Amino acid sequence: MVLSIYDTFSRAPKEISSGNGVVSMYCCGPTVYRDAHVGNLRTFLLSDLIARTIRLSGLNVDMVQNITDVGHMSDDFQEDKMLEQSEKEKIDPFEIARKYEERFHHDLSNLNIIPAQKYPRASESIELMHEMISALINKGAAYVAEDQCVYFDAQSFEGYGQISGNRLDSLKPGHKYEFVEDGAKKFHADWALWKTAGNRKEMIWDSPWGPGFPGWHIECSAMSLKFLDSHVNVHVGGIDLRFPHHENERAQSNSITGTESVDLWVHGEHLLFEGRKMSKSAGNVVLLNDVIAKGFDPLALRLCFLENRYRSQMDLSWQSIASAHDTIKRWRSKIAGWGLSNSIKIDSTILAFLENDLETPRVITYLRSVEKDSNLTDAEKSNAFLFADQVLGLHLSRPEKVKALSEELNLLLAERENARAAKNWALSDELRIRLESAGLEISDSAAGQSWSWR
Ligand code: AMP
Ligand code: ZN
């Protein structure tokens with residue numbers, strides 16, 4: 001069997017294609033004006049999930065993820081997000097970009113996301129964009145307007161809107177994605193490839209059309225075609241990018257290559273937090289560092305995401321992170337007890353779930369049943385978990401680090417043992433509460449009291 005993933009363009013599952021056994025992947029990367037929130041990380045994890053599953057199926061992956069450090073305008077103020085943040089922090093915009101780019105890589109590493117082969121920056125790909133814009137002008141797909149901006153001529157591309165289902169003739173003028181300064185364009189759905197600098201003093205470059213800066217959509221066409229040899233097998237991004245970002249990217253790229261430049265468009269659904277869209281105004285933006293600061297293993301977040309289908313909107317809560325944290329710890333200690341093996345055998349049940357549009361929730365349910373199945377040997381159980389972990393990436397073979405007990409906790413444990421021996425259940429319960437609030441988990445059995453870290 002081969003991996004099939006739901007393709008937004010054809011609205012059906014589609015088999016992954018490759019060139020000479022290598023699958024080329026392009027994933028829309030972060031706009032580095034702030035820390036990525038856990039919603040962004042859900043989308044970045046989707047690329048890792050796909051790449052790991054492809055490798056498990058025996059193919060190689062060549063992945064590129066761009067760093068957007070110029071040209072992404074905010075919806076509210078039509079201002080470059082980088083410059084807006086630079087004004088707020090009173091720091092040079094490039095310094096802001098490098099700071100958040102570094103933090104992005106740190107988050108990926110904490111989530112055990114295997115790095116892409118390349119992370120090209122938009123600000124370092126300006127020449128590439130100039131070349132592509134010139135080629136689009138020469139092909140009659142773009143034009144220089146009176147305001148010295150270069151626009152893509154949306155009507156020149158037959159099939160505009162096929163990813164999202166938005167038809168050109170039903171796009172109303174003034175819809176929210178249009179930039180107010182796009183005043184000189186010929187048709188309301190045209191978009192800027194190159195914007196004239198105007199009053200802008202920072203993050204501007206010379207160009208054949210005068211000083212200015214690139215539009216956001218052209219960067220992904222330029223970088224994906226340049227670094228993936230003019231053809232993308234799998235393109236990944238969050239659902240909000242379907243329109244207009246990916247629609248515009250497809251129009252630009254296909255106009256250049258003269259073919260369908262992307263084989264498969266994958267979109268991950270959004271993450272909500274405790275029932276609401278994450279936003280600064282709602283005050284519920286959660287970062288991976290917040291998860292770590294609460295004492296949770298960052299991979300607990302990874303498990304939460306994997307317990308949900310990537311194509312379904314999911315609601316994250318502190319409760320679900322806490323319970324994923326406990327599950328990972330339990331699995332790690334059970335696997336250590338079952339024993340590790342150097343040679344992991346293929347588990348065809350797990351592989352089939354993954355290859356069927358990345359059904360990770362079913363993999364997890366299956367593992368929970370393996371965990372409890374008394375007909376399986378320890379070696380069989382261990383094998384199922386370790387096979388799945390090649391894609392789940394939960395470090396399940398890592399032995400649990402056992403934090404040493406403080407003297408005070410040791411004394412409380414001894415006191416509780418004595419209370420139990422004296423059948424003083426009230427005191428024993430009171431001590432249990434104190435031990436649990438210090439992070440211990442206490443269990444009592446006929447053999448006596450035992451404890452572990454939560
Ligand atoms: P940005 O840094 O805003 O350009 O977004 C980076 C990626 O995160 C894009 O692929 C977005 O589609 C995705 N994204 C944004 N918000 C969410 C969310 N709440 N849940 C999942 N993905 C998201
Ligand atoms: Zn993109």
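Given the structure is predicted, the values throughout are model-derived calculations rather than measurements. Both ligands and their constituent atoms are indexed starting at 1 by order of listing. Scope of the values below: all heavy atoms of this structure, side chains included, with no hydrogens, waters or symmetry mates.
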**OP:** May I ask you to decide if the ring planes of Trp318 and Phe296 are parallel, tilted or perpendicular, using 30° and 60° as cut-offs?
**Re:** parallel

Subject >> Contact flag His217/the Zn ion (ligand 2), N/O/S atoms, threshold under 2.8 Å >> reply: no

**OP:** Please confirm whether the backbone N or O of Ile218 pairs with a side-chain atom of Glu249, one donor and one acceptor, at under 3.5 Å?
**Re:** no

Original post:
Is the closest basic N to carboxylate O distance between Arg309 and Glu269 below 4.0 Å?
Top reply: no

**OP:** Look at the aromatic rings of His267 and His246 and report parallel, tilted or perpendicular, splitting at 30° and 60°.
**Re:** tilted

**OP:** Could you confirm whether Cys28 has any N/O/S atom lying under 2.8 Å from the Zn ion (ligand 2)?
**Re:** yes

**OP:** Could you check whether the rings of Tyr143 and Tyr151 sit parallel, tilted or perpendicular, using 30° and 60° as the cut-offs?
**Re:** tilted

Original post:
Taking the six-membered ring for Trp, is the centroid-to-centroid distance between Trp265 and Tyr26 below 6.0 Å?
Top reply: no

Original post:
Which protein residues have a heavy atom under 4.0 Å from ligand 1?
Top reply: Gly29, Pro30, Thr31, Arg34, His37, Gly39, Asn40, Thr43, Phe44, His72, Gly237, Gly238, Asp240, Leu241, Glu269, His270, Leu271

**OP:** Nearest 10° is fine: what angle sits at the Zn ion (ligand 2) between SG from Cys220 and NE2 from His245?
**Re:** 110°

Original post:
Charged N to carboxylate O below 4.0 Å: is that the case for Arg52 and Asp389?
Top reply: no

